[in-house]
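Below is one structure, written out as structure tokens, with a few remarks after it.
Counting from 1, the numbers follow the sequence of the chain as shown. Remember, it's 1-based here, ligands and their atoms both numbered in the order they're listed.
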Amino acid sequence: MASWTDLTLIQTPARIAALPKDQRGYPIPHSVLIQDGKPNFRVVDPEKAMHAIQEKLCGICGGKLGKYMAFVGGPRSIKSRCFTDLAMHSECASFALAVCPFLAMPKFSYLNVSDDKHHVNHLVSTNRPDTFGMGITTKYKVIELQGEMIIKAGSFTRVQFWKDGKPVGATRQREL
Ligand SMILES: [Zn+2]
């Protein structure tokens with residue numbers, strides 16, 4: 001039986017609470033595409049994404065990132081440090097990880113397929129990994145891989161894995 005989590009029990013960071021909400025009351029991440037006044041949670045607005053990369057903004061709340069930033073992806077992404085989702089504040093990433101089994105909010109992906117104009121993440125409904133990692137780093141760069149724009153994160157100082165909206169196992173600290 002599927003477990004149910006009361007979303008009101010998940011503490012919402014102020015940065016996310018300040019975001020506009022959709023008709024259901026779900027926060028609309030900064031970087032999603034708005035079409036005809038409605039957010040398309042599966043599609044990243046490429047202009048907003050470029051702007052966020054140039055200005056080092058959080059992909060969820062749109063606020064300025066600090067020294068440390070978080071990347072979220074499946075185990076493959078964590079290993080390769082290649083991401084299609086933008087860097088986030090760690091508290092924004094944790095919130096998204098906590099609510100993601102229940103909301104369409106995050107787009108966390110390790111593969112994506114693009115149509116003519118927009119990147120569509122096909123993992124949201126079908127191939128979604130059941131474990132996600134959150135890696136913390138201080139830098140990233142944008143690279144092109146097979147025609148796709150990929151974000152390559154710097155070395156992780158910390159990795160935390162999440163499953164079913166909860167952190168699992170011990171935080172893996174990089175040996176320095
Ligand atoms: Zn944020």
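Residue K64 qualifies as enclosed at atom NZ: its count of foreign heavy atoms under 6.0 Å is above 12. For NZ of K21, the number of neighbouring non-hydrogen atoms (other residues, nucleotides, ligands) closer than 6.0 Å is greater than 12.
Minimum heavy-atom separation, I16 to C92: CD1-CA, 3.8 Å. In this structure, K152 and I143 approach most closely via the heavy-atom pair CB-CD1, 4.0 Å.
In this structure the side chain of Y140 never reaches within 4.5 angstrom of the side chain of L86, judged on heavy atoms.
Around the Zn ion (ligand 1), the protein N, O or S atoms found under 2.8 Å comprise C58 SG, C61 SG, H89 ND1, C92 SG.
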For residues 48-63, which side-chain N or O atoms pair as donor and acceptor with protein atoms under 3.5 Å away, sequence neighbours left out?
{"unit_1": "K48", "atom_1": "NZ", "unit_2": "H30", "atom_2": "O", "d": "3.2"}
{"unit_1": "K48", "atom_1": "NZ", "unit_2": "V32", "atom_2": "O", "d": "2.9"}

